[in-house]
4 protein chains.
Amino acid sequence: MSPPTARRRLTREESRAQTRERLIDTAQHLFVSNGYGGASIRDIADKAGYSQGAFYSNFSSKEDILLELLRRHMEAEAVQLSTVMGNDAQQPEQMLAELEAWASTLNQDADWCMLSIELQLHANRSPTFAAEYQKVWDRHRSEIGGVIGLLFEKLGRSPPAAPDELAAAFMALSHGLALQRTTDRMDPSGRLIMVFLRGLIASAK
Amino acid sequence: MSPPTARRRLTREESRAQTRERLIDTAQHLFVSNGYGGASIRDIADKAGYSQGAFYSNFSSKEDILLELLRRHMEAEAVQLSTVMGNDAQQPEQMLAELEAWASTLNQDADWCMLSIELQLHANRSPTFAAEYQKVWDRHRSEIGGVIGLLFEKLGRSPPAAPDELAAAFMALSHGLALQRTTDRMDPSGRLIMVFLRGLIASAK
Amino acid sequence: MSPPTARRRLTREESRAQTRERLIDTAQHLFVSNGYGGASIRDIADKAGYSQGAFYSNFSSKEDILLELLRRHMEAEAVQLSTVMGNDAQQPEQMLAELEAWASTLNQDADWCMLSIELQLHANRSPTFAAEYQKVWDRHRSEIGGVIGLLFEKLGRSPPAAPDELAAAFMALSHGLALQRTTDRMDPSGRLIMVFLRGLIASAK
Amino acid sequence: MSPPTARRRLTREESRAQTRERLIDTAQHLFVSNGYGGASIRDIADKAGYSQGAFYSNFSSKEDILLELLRRHMEAEAVQLSTVMGNDAQQPEQMLAELEAWASTLNQDADWCMLSIELQLHANRSPTFAAEYQKVWDRHRSEIGGVIGLLFEKLGRSPPAAPDELAAAFMALSHGLALQRTTDRMDPSGRLIMVFLRGLIASAK
DNA sequence: GATGAATGAGACTTCATTCAT
DNA sequence: AATGAATGAAGTCTCATTCAT
């Protein structure tokens, strides 16, 4: 009945998905700028253009939407990493170059890192959330740890600490730097991360 | 004035100071465990053993007590650093040893780092607070930056990034690691910081 | 139209009737256990296995389904009473025995009485509902009153109060006792009602 | 400073007590007319002339104020009963006369009985509340049971059911009749209760 | 200096109901 | 006939803050 070229009216499922998506986006922005506790559901719904009830027909609670953000965060980070580390037959120089490319992405979106921090903070406070968080976190850390281990292996050197620990340290560095970020200052996160990584390599035997 | 043997009744000023002190201590604990937003003034007053009114007799607002915590935080960190870096005629080996001692103190009290994070988070959200925070932060960073610069100087090498940036990075690392801390896992913060520092030195020319 | 051997697909009307029936049953259970105000339409629909929309396809409002329950309640009580009081040429002893049988049915289903109470409570609060309720109630009371009047007549005694009042009192007694019912205590409603009835007869001249 | 004859400014305690009292009174009226579930804390506070916060600085929850009403209800009923049954050396005729006086008080305040019903209903739904309720209820029932037992003893007859059961039945009767009460009809509760009581006596041997 | 009752705004959440699908 | 996403009002409760005592 409606011509295929015209902007089609959304099906019910699409419409629901759109609502969900808008709420999730808005929630992310507000969690980042006001913190999880500081962002109210009223604000999220209002800014997304819906009623509070719409929020609750899409999410069971405030924590529920944070869980959804956690899932997406993890997924996106995994995708990002696998994109960077795509070709498996690599020279160490290539790996370093790609790591540098990856590190520089961290600069782009401070929001992204701030969300990590909010997730971590909330995990420290809500046992329910902590359980989910731990799974995601452990997996991500061990993926990065794998990359680091591989790098040192290809360089024929032994890493100065367990790869997983180094992975955690790099994430810590990145989060800590995000925390320091102000709007008026240029952000050196990516560069500093590489400085530290080169240092580790230099000190490895 | 009061007989030395009897338990002296506190003067009015001492009593007031005691109240202040107890409120500050309690506030710190609660800000750390619940976050600034998650800690209520009623909780602070209750747990400190006072009424809400007592809080407002000593502090003008919730942010006011956070400012006081900020001041003390800065002061304590300065003292800590100057204790470690006391003797100014030092060999690089001594400096490293003392830095290691300092880094290990960071393990001791996760609360300390979490407070840093809460301060930083609140600075990102409240312009009033941000102004005060920036002063303290800049000063502290440049102090640590000084130590790092001096270290490289004594080693006769040039640091792989501006000393202030490196200082910020080490603080970021320490905060990021504190954020990861769970009760059940041993905390490798101090050790990792030294691993990274040695890396920097190794890569410096 | 449909082959008699196969499980016949429900006609549209039958299907609708089934939906209605299930919703009514579920509503009754929930009104009884949570009260009219405490039972939500979402709960009713969910527990009945339908959507909220299905509810509104069958009933115009929450009060509407309560009205339907009222109608059925009245009808069922009338049937119950007429079953018990079926043969009109009776001896007083027979009547008492049959009343006893009837009274004992009140023990069986506390839910039944609790529904009466919910209906009465809602009638006290909603004028719309009260109008309908009053009709049903008056009719039921006068039916029971008729039985009581007849009993005393056959006994050749005059009742110690207007039969309708006595009827109301017996219903009150039964409802009040239902209200006291707890799961862990055996319910003496039927027996107590007979004790009171025998008392009335004994005191009548 | 203020003359003793002038309307004195309330002390803090008096003021608090006044607030509590007004909230309790208002709550009772609203619970009776709208039911426990139908009365909102907003309404209670508003009609009492306070903010919602004032409610919560006097009661910890909605159930808490219902518990307070329960306590007062019990106390008042105990007082009422002991007033009626004051002189312990009584003739049966006196006792009956006094019981009649007591029964007639039940007519006065339908609200009183409706509150009983709300208490009972809520006890059937909230386990927390049920525990408290049971204590009060058991005690009250056995007090009335005592009076009934004594009456039959003085009459030299044995009651046609356990005195406690009879007590429960009379309370049930009174509650059930309260439930039937409408504004436009005169209330025969007291009279009917006496009719039933006389019946019991007449049928006792 | 300290109290804590009271405020008013705002938190999260549930509800009866509507309406496009 | 039935769906269920969305609404807007209302629910219980907590908060930072004020002020008479």
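Model, not experiment: these values are computed from the prediction. Residue numbers begin at 1 in each chain, while the letters A, B, ... track the order of the sequences.
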Any side-chain heavy atom of [X] sitting closer than 4.5 Å to one from [Y]?
| X | Y | result |
| --- | --- | --- |
| C/F31 | C/M114 | no |
| B/Y50 | B/I44 | no |
| B/Y133 | B/H122 | no |

side-chain hydrogen bond (donor to acceptor under 3.5 Å, both in side chains) between A/Q28 and A/H73, intermediate numbers included | CA-CA 10 Å; A/Q28 170 159 344; A/H73 197 66; over 6 Å; no
Thinking salt bridges, do C/R71 and C/E68 make one under a 4.0 Å N-O criterion?
-> yes
Looking at every strand, decide which applies to B/S40 at a 4.0 Å heavy-atom threshold: base, sugar-phosphate, or nothing.
-> sugar-phosphate
Which part of the nucleic acid, if any, lies within contact of B/A39, taking any heavy atom under 4.0 Å across all strands shown: a base, the sugar-phosphate backbone alone, or nothing?
-> sugar-phosphate
Rounded to the nearest angstrom, tell me the gap between atom [atom1] in [X] and atom [atom2] in [N].
| X | N | atom1 | atom2 | result |
| --- | --- | --- | --- | --- |
| A/E63 | E/dA11 | CD | C1' | 16 Å |
| A/F55 | E/dC15 | CZ | P | 17 Å |
| C/D43 | E/dT17 | CG | C1' | 16 Å |
| A/D64 | E/dT13 | CG | C1' | 14 Å |
| C/D46 | E/dT14 | CG | P | 13 Å |
| A/Y50 | F/dA9 | OH | P | 19 Å |
| D/R22 | E/dA6 | CZ | C1' | 13 Å |
| A/N34 | E/dC12 | CG | P | 11 Å |

Mapping A/R20 and D/K62 onto DNA chain F by nearest heavy atom, which one lands closer to the 5' end?
-> A/R20
Among [options], which is the nearest nucleotide to the side chain of [X]?
| X | options | value |
| --- | --- | --- |
| D/A54 | E/dG4, F/dT7, E/dA6 | E/dA6 |
| D/S15 | E/dT13, E/dA6, F/dT3 | E/dA6 |
| C/Q52 | E/dT13, E/dA11, F/dA6 | F/dA6 |
| D/R12 | E/dA20, F/dT17, E/dT3 | E/dT3 |
| A/R16 | E/dT7, F/dA5, F/dA2 | F/dA5 |
| A/S51 | F/dT12, E/dA6, F/dG8 | F/dG8 |

Under a 3.5 Å cut-off for both distances, is F/dA1 Watson-Crick or wobble paired, and to whom?
-> none
Watson-Crick or G-U wobble partner for E/dA6, using a 3.5 Å limit on both distances?
-> F/dT17
Please walk me through it: do C/R16 and C/E21 pass salt bridge (charged side-chain N to carboxylate O under 4.0 Å, His left out)?
-> CA-CA 9 Å; C/R16 179 184 162 88; C/E21 215 61 34; over 6 Å; no
Given [N], is OP1 or OP2 found less than 4.0 Å from the side-chain N or O atoms of [X]?
| X | N | result |
| --- | --- | --- |
| C/N58 | F/dA1 | no |
| D/R42 | F/dG11 | yes |
| A/T19 | F/dA6 | yes |
| C/Y56 | E/dT17 | yes |

Between C/Y36 and D/G53, which is nearer to the 5' end of DNA chain E once each is assigned its nearest nucleotide?
-> D/G53
First encountered from the 5' end of DNA chain E, between D/G49 and C/I41 = D/G49
